[in-house]
Amino acid sequence: ADGTLCFGWECCSSHGGRSKCPPDLPVMCRDKACHGDHCCDATCSQLGGPLVCQPSAEEEQSLFAFDSLGLACRPSGGYLWAGYESNCQEKCAQLPGCTYFTRYTDNDWCQLSNSCPNATTTSPSAWTYRRKNITRVLFVGNSLTHVNDLPFQLAAVAASRGRTLEVAMSVLDACNLYSQRMASDARTAELLRSDWDFIVLQDHSLLPAFKDAREKYFYPAIADFAQKKKKAKLVLYLTMPYHAGQQQPCPTKPYSPTCWPFGDLRDLIHPRCNADGYVNVVGSFPCMGYAVARGYLSALLQSEGADMVAPLGLAWLSVKGVSEVPAWCRDEIDRGYAEPSDDELPWKPTAEAGLSELQLHLRTGGYPDIHPTKVAQYLNALTLYATVFGESPEGATHQVWCH
């Protein structure tokens, strides 16, 4: 500590202690088990972990805080940027959406990422820092979340509006929220151990439209997430209607028993979808939009429900110029609820010329499928941004960094 260059561990003891470790054992450890001083090691995994010095006044004012040593982020969507850069921190600070950077001190290799859900052991020279004062958003859902990457689109919109978001997602295709509870899904359980500001929940596209399905799957799943959310706000992702609604009276896609332990939608529609007297209330774009919206909005009335609903599906109705729902399906849908419907639904269509011509559904084999196009997912990101931050996203850009 007095500036003397020592050779041998005991030498440092008579010169105020060790101030820097040698290149072959570069990490100073918390444990003072080496001649009364802090040990030096490659990882310090058996010596109390790395010793983290108290931050200086300059570091206190920095945008970033120390996160880990010897670990590097492995983001599922790839790095925002990676290359040789001596000032990795400045590179991250200047790149919208960058929340983590890892700098390898032995060769100045630099990796920038938006999230760090999977940190893996790497070189002892890897120092990882995280940006302070960010908003952390977790998404739990299925392909309606990950196709054209809604979490990334939201982070891009937020970055263009001066906000930095860290996003992560847990998705199971063709599944539901009930099967993604902490007790059922390892990926969701791992992510829920972290602290989040918002948790966005997206259920199966048809499930909330039907009473028995809501009671067996939807409401219990939301209640379970509400108990595990810590300080986060639960945001329900109100999903979008199919291009022409659900045309077949009975859903035809096979369902996994793992996702549907109490029976799938064919078992939970009453009267049964193949029986006389069945009325297909989700058989058109407006009717399905209204049915799903009522299901999601009803969750706000549950005792352990969500904090807010992001009305993505209603935004689609508005853009497509839907001004009203046929009375017959509205009345049939409303019979499934004790509380009266909102006379404001659907919203007044937007007056912006040309928006109704936007292609919102992806096409597979020339026909629309259920998934959002890039522009539709951008619309979803704008709607979600307005919901969680309570401010207009007007002026937001589509993408502000390469993905």
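Any value given below was found using the heavy atoms of this structure, including those in side chains, with hydrogens, waters and symmetry copies removed. By convention here, the first residue in the shown sequence is residue 1.
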### Task
Using the salt bridge (Lys or Arg N to Asp or Glu O under 4.0 Å) rule, collect all pairs that involve residues 102-114, keeping only residues at least two apart or in two chains.
Arg103-Asp108
## Note on the structure
Of all heavy-atom pairs linking Asp197 and Thr135, the shortest is OD2-CA, 3.3 Å
### Summary
Of all heavy-atom pairs linking Pro286 and Leu317, the shortest is CA-CD2, 4.2 Å
### Task
Locate the shortest heavy-atom distance separating Ala291 from Val281; write the atom from each residue and the value.
CB-O, 4.4 Å
### Task
Under the side-chain contact (heavy atoms from CB on, under 4.5 Å) rule, what do Leu192 and Phe225 come out as? Steps first, then yes or no, please.
CA-CA 9 Å; Leu192 284 176; Phe225 277 96; 4.0 Å; yes
### Query
Hey, are Arg335 and Glu332 close enough for a salt bridge, meaning a charged N less than 4.0 Å from a carboxylate O?
yes
#### Entry: Those residues that, when tested against Arg363, pass side chain to side chain contact (heavy atoms under 4.5 Å, CB included) (two or more places apart)
Gln359, Pro368
### Message
If you count heavy atoms of other groups shown closer than 6.0 angstrom to NZ of Lys211, is the number above 12?
### Response
no
### Query
Under 4.0 Å between a Lys/Arg side-chain N and an Asp/Glu carboxylate O for Asp267 and Arg272?
yes
### Side-chain heavy atoms of His361 within contact of Trp316, under 4.5 Å
yes
### Query
Between Asp224 and Gln227, does a side-chain hydrogen bond (donor to acceptor under 3.5 Å, both in side chains) hold up when you go through it step by step?
CA-CA 5 Å; Asp224 188 81; Gln227 294 173 1; over 6 Å; no
### Task
Starting from the C-alpha separation in whole Å, work towards a yes-or-no answer on side-chain hydrogen bond (donor to acceptor under 3.5 Å, both in side chains) for Tyr100 and Thr128.
CA-CA 7 Å; Tyr100 289 85; Thr128 297; over 6 Å; no
### Message
Looking at Leu144, is its backbone amide N or carbonyl O close enough to the side chain of Gln377 to form a donor-acceptor pair, meaning the two atoms are under 3.5 Å apart?
### Response
yes
### Summary
Rounding to 0.5 Å, atoms CG (Asp334) and CD (Glu339) come to a distance of 9.5 Å
### Short side-chain to backbone donor-acceptor contact, Asp67 and Arg130, under 3.5 Å
no
### Query
For atom CD of Gln247, is the number of surrounding heavy atoms from other residues, nucleotides or ligands below 6.0 Å larger than 12?
yes
### Message
When you compare the side chain of Leu154 with that of Tyr385, does any pair of heavy atoms fall below 4.5 Å?
### Response
yes
### Query
What residues, two or more places apart in sequence or in another chain, satisfy ring pair (Phe, Tyr, Trp, His ring centres under 6.0 Å) together with Trp127?
Phe66
### Task
Quick one: pull up CG in Asn176 and SG in Cys259 and give me the separation to the nearest 0.5 Å.
6.0 Å
### Query
How about Ser179 and Asp185: do any of their side-chain heavy atoms sit closer than 4.5 Å?
no
## Note on the structure
Between Ala299 and Leu236, the two heavy atoms sitting closest are CB-CD1, 3.5 Å
### Pairwise side-chain contact, His243 with Lys320, heavy-atom cut-off 4.5 Å (strictly under)
no
### Task
For residues Leu384 and Leu150, report the shortest heavy-atom separation together with the two atoms involved.
CD2-CD2, 4.4 Å
### Distance in Å, Ile333 CD1 paired with Phe210 CZ, rounded so as to fall on 0.5 Å steps
9.0 Å
### Task
Give yes when the SG atoms of Cys44 and Cys39 are nearer than 2.5 Å, otherwise give no.
no
### Query
Between the side chain of Asn280 and the main-chain N/O of Gln246, is any donor-acceptor distance below 3.5 Å?
yes
#### Entry: Heavy atoms from other residues, nucleotides or ligands near NZ of Lys230 exceed 12 (cutoff 6.0 Å)
yes
### Query
So, does Asp369 use its side chain to make a donor-acceptor pair with the main chain of Thr364 at under 3.5 Å?
no
### Task
Determine whether more than 12 heavy atoms belonging to other residues, nucleotides or ligands lie under 6.0 Å from atom CG of Asn133.
no
### Query
Going through the distances and angles, do Ser170 and Gln180 end up as a side-chain contact (heavy atoms from CB on, under 4.5 Å)?
CA-CA 8 Å; Ser170 176; Gln180 290 175 277; 4.1 Å; yes
### Message
Test your reading of the model: is there a side-chain donor-acceptor pair from Tyr296 to the backbone of Asp203, 3.5 Å cut-off?
### Response
yes
#### Entry: Crowding at CD, Glu391 (>12 non-hydrogen neighbours, <6.0 Å)
yes
### Query
Hey, is Arg266 close enough to Asp264 for a salt bridge, meaning N to O under 4.0 Å?
yes
### Query
If you measure from CG on Asp307 to OG1 on Thr387, what distance do you get to the nearest 0.5 Å?
12.5 Å
### Query
Can you tell me if Trp196 uses its side chain to pair, donor with acceptor, with the backbone of Leu191 under 3.5 Å?
yes
### Summary
For Pro220, the side chain to side chain contact (heavy atoms under 4.5 Å, CB included) test, sequence neighbours excluded, returns Tyr178
### Query
Do Arg131 side-chain atoms and Phe101 backbone N/O form a donor-acceptor pair below 3.5 Å?
no
### Query
SG of Cys29 to SG of Cys40, below 2.5 Å?
no
### Message
To the nearest 0.5 Å, what is the distance between SG on Cys329 and OH on Tyr290?
### Response
8.5 Å
### Message
Any heavy-atom pair between the side chains of Thr43 and Val27 that's under 4.5 Å?
### Response
no
### Contacts of type ring pair (Phe, Tyr, Trp, His ring centres under 6.0 Å), residue Tyr367, not counting sequence neighbours
none
### Task
Assess the cysteine pair Cys88 / Cys110: is their SG-SG separation shorter than 2.5 Å?
yes
### Message
Using a 6.0 Å distance limit plus a 45 degree cone around the ring axis, check whether Arg294 lies over the aromatic ring of Tyr337.
### Response
yes
### Task
Take Leu345 and Leu297 through the test side-chain contact (heavy atoms from CB on, under 4.5 Å) and record every step on the way to the result.
CA-CA 11 Å; Leu345 297 179; Leu297 293 170; 3.7 Å; yes
#### Entry: Ion pair Lys216/Asp212, N-O distance below 4.0 Å
no
### Message
Can you tell me how far apart OG (Ser184) and CG (Leu177) are? Round to the nearest 0.5 Å.
### Response
11.5 Å
#### Entry: Validation row: Phe218, His204 side chains within 4.5 angstrom (heavy atoms)
no
### Message
Could you check whether any side-chain heavy atom of Pro372 comes within less than 4.5 Å of a side-chain heavy atom of Leu360, counting everything from C-beta outward?
### Response
no
### Minimum heavy-atom distance between Ala174 and Asn142, given as atom pair plus value
N-CB, 4.1 Å
### Query
Is there side-chain contact between Tyr217 and Pro261, with heavy atoms separated by less than 4.5 Å?
yes
### Task
Just do the side-chain hydrogen bond (donor to acceptor under 3.5 Å, both in side chains) check on Gln202 and Thr145 with the steps written out, would you?
CA-CA 7 Å; Gln202 175 253 311; Thr145 291; 2.8 Å; yes
### Query
Between Arg136 (side chain) and Asp195 (backbone), is there a donor-acceptor pair under 3.5 Å?
yes
### Message
Please determine whether side-chain contact (heavy atoms from CB on, under 4.5 Å) holds for the pair Met288 and Leu206, giving the CA-CA distance in whole Å, both sets of side-chain angles, and the decisive distance to 0.1 Å.
### Response
CA-CA 8 Å; Met288 181 175 171; Leu206 284 169; 3.5 Å; yes
### Task
With sequence neighbours excluded, tell me which residues meet ring pair (Phe, Tyr, Trp, His ring centres under 6.0 Å) with Phe198.
none
